[in-house]
Amino acid sequence: MTLIAAAYTIVLRYTRTIKTNMYFSTTAVCVTEVIKLLLSVCILAKETGSLSRLLTSLKEHVIGSPMEMLKLSVPSLVYALQNNMAFVALSNLDAAVYQVTYQLKIPCTALCTVLMLNRSLSKLQWFSVFILCGGVTLVQYSPAETTKVQVEQNYFLGIGAVAIAVLCSGFAGVYFEKVLKSSDTSLWVRNIQMYLSGIVVTAVGVYVSEGAQVTQKGFFYGYSYHVWIVILLASAGGLYTSVVVKYTDNIMKGFSAAAAIILSTIASVTIFGLQITLTFSLGALLVCISIYTYGLPRNDTTKIEVKELSNNLSGRLISV
């Protein structure tokens, strides 16, 4: 997931800075949702083992569960906004600066985890969050500049887009984790429910924001193989994220993705001529330290409620 996150950021930044016919970012987000839906259906088909079981599962959980579909439309809407904000941010910020700043989603996720999942974070985890915020502050105090990017950029627009993406990421990730871990419904069924809603939401977004231009120039206007790479990376990243949420937790997912900062920085220096400042280096170092401190031994948080189950098992073992 770290490799995908780094590659996605670099390639997306490249597609938004080269001088060519600029594609519509909203259509790219919509196509990504379609691909994620198709991949999830294929994986569910393998999981169920037969076409009849697949159709039965889809009928039960999609057609026969309108309330569940409505429940999953919430993260769909928020994720759609987040993904569109990523395009706005990377049109105005360097990839490495974006990667570091975007890690503010971790304190946002931590807060949502405490409020929505009733978890308590350790002092070390809060200390890690504090270090990370300090690192991001240093990076923004004296932002690194690029020498090979000639397109017009709006720094404050980019920062605003990252801020919205951070809030969306924290809320939607924890919301989806709560839905996912509160029932025994298959991960891929939940993905299908969410991506179906996502397709509707993003399609409406295309029509509302760029409908006239898309009608005039075409849905796939400006698409190159680089754009398709961005879409495929985003699709794979979405599926990997779901797996990580299923088997670890959202905060660990965030800290794992933070490791992509190093790769993004190296690529930014090479491709975009990023000029690294002292404050950027110190800020990125603090973020990396926060990754290490968070990964130190702690209590398992991969389940929402495990105390009651553990007590029951202990009682049975004692009785035996």
Side-chain angles (χ1 to χ4, degrees), residues 1-5 7-8 27-80 82-83 116-117 169 171-204 228-250 252-254 256-257 300-306 308-310 312-313:
M1 190 177 70
T2 299
L3 293 174
I4 290 175
Y8 169 75
T27 64
V29 174
C30 185
V31 173
T32 299
E33 294 298 306
V34 173
I35 294 176
K36 287 191 290 188
L37 174 63
L38 296 176
L39 290 174
S40 295
V41 171
C42 291
I43 296 173
L44 181 62
K46 183 178 180 180
E47 188 179 82
T48 54
S50 68
L51 180 61
S52 60
R53 291 178 181 176
L54 171 64
L55 295 176
T56 300
S57 180
L58 292 176
K59 182 178 180 180
E60 176 184 354
H61 295 287
V62 177
I63 301 176
S65 303
M67 292 306 298
E68 292 297 309
M69 291 290 295
L70 183 62
K71 185 189 300 183
L72 269 298
S73 67
V74 175
S76 296
L77 176 62
V78 179
Y79 274 133
Q82 174 195 334
N83 293 333
M116 296 171 63
L117 300 184
S169 177
F171 172 77
V174 175
Y175 184 99
F176 184 62
E177 180 182 349
K178 185 174 183 178
V179 171
L180 193 62
K181 294 181 178 179
S182 297
S183 70
D184 295 328
T185 305
S186 167
L187 164 66
W188 306 110
V189 168
R190 289 302 191 191
N191 276 338
I192 290 170
Q193 292 173 333
M194 186 166 64
Y195 297 147
L196 279 171
S197 301
I199 291 172
V200 175
V201 170
T202 53
V204 171
W228 283 109
I229 291 175
V230 169
I231 291 172
L232 292 176
L233 287 172
S235 302
L239 296 180
Y240 269 108
T241 298
S242 298
V243 174
V244 171
V245 170
K246 177 69 174 178
Y247 295 107
T248 60
D249 60 49
N250 258 282
M252 181 61 73
K253 177 196 73 176
S256 299
D300 178 39
T301 61
T302 60
K303 299 294 182 183
I304 293 178
E305 296 179 359
V306 296
E308 183 177 350
L309 176 60
S310 299
N312 289 340
L313 288 175

Minimum heavy-atom distance between K71 and P75, given as atom pair plus value: O-CD, 3.5 Å
Closest contact, heavy atoms only, H61 versus Q193: O-NE2, 2.7 Å
Validation row: S73, V201 side chains within 4.5 angstrom (heavy atoms): no
Shortest non-hydrogen contact between E47 and W188, atoms and distance: OE2-CD1, 3.4 Å
Verdict with reasoning, L38 to Y195, per side-chain contact (heavy atoms from CB on, under 4.5 Å): CA-CA 9 Å; L38 296 176; Y195 297 147; over 6 Å; no
Point-to-point distance, once rounded to the nearest 0.5 Å, from CG of L44 to CG of L187: 10.0 Å
Verdict with supporting geometry, K36 and T32, side-chain contact (heavy atoms from CB on, under 4.5 Å): CA-CA 6 Å; K36 287 191 290 188; T32 299; 3.8 Å; yes
Minimum side-chain heavy-atom gap N191-F176 below 4.5 Å: yes
Atom pair OG/CD1 of S197 and I192 - distance to nearest 0.5 Å: 12.0 Å
Heavy-atom pair with the smallest gap, counting every atom of L54 and V41: CD1-O, 4.2 Å
S40 versus R190, side-chain donor and acceptor atoms under 3.5 Å: no
Derivation of the side-chain contact (heavy atoms from CB on, under 4.5 Å) call for Y79 and M194: CA-CA 10 Å; Y79 274 133; M194 186 166 64; 4.0 Å; yes
side-chain contact (heavy atoms from CB on, under 4.5 Å) between T56 and K59, worked out: CA-CA 5 Å; T56 300; K59 182 178 180 180; 5.7 Å; no
Inter-residue atom distance I35.CD1 - L39.CG, 0.5 Å rounding: 7.0 Å
Reported OG1-to-CD1 distance for the pair T48 and I43, which is rounded to 0.5 angstrom: 12.0 Å
Short side-chain to backbone donor-acceptor contact, S65 and M67, under 3.5 Å: no
Minimum heavy-atom distance A80-T202, with the two atoms named: CB-CG2, 3.8 Å
Straight-line distance of E68 CD to L72 CG, nearest 0.5 Å: 7.0 Å
Side-chain heavy-atom pair L117, V174 within 4.5 angstrom cut-off: yes
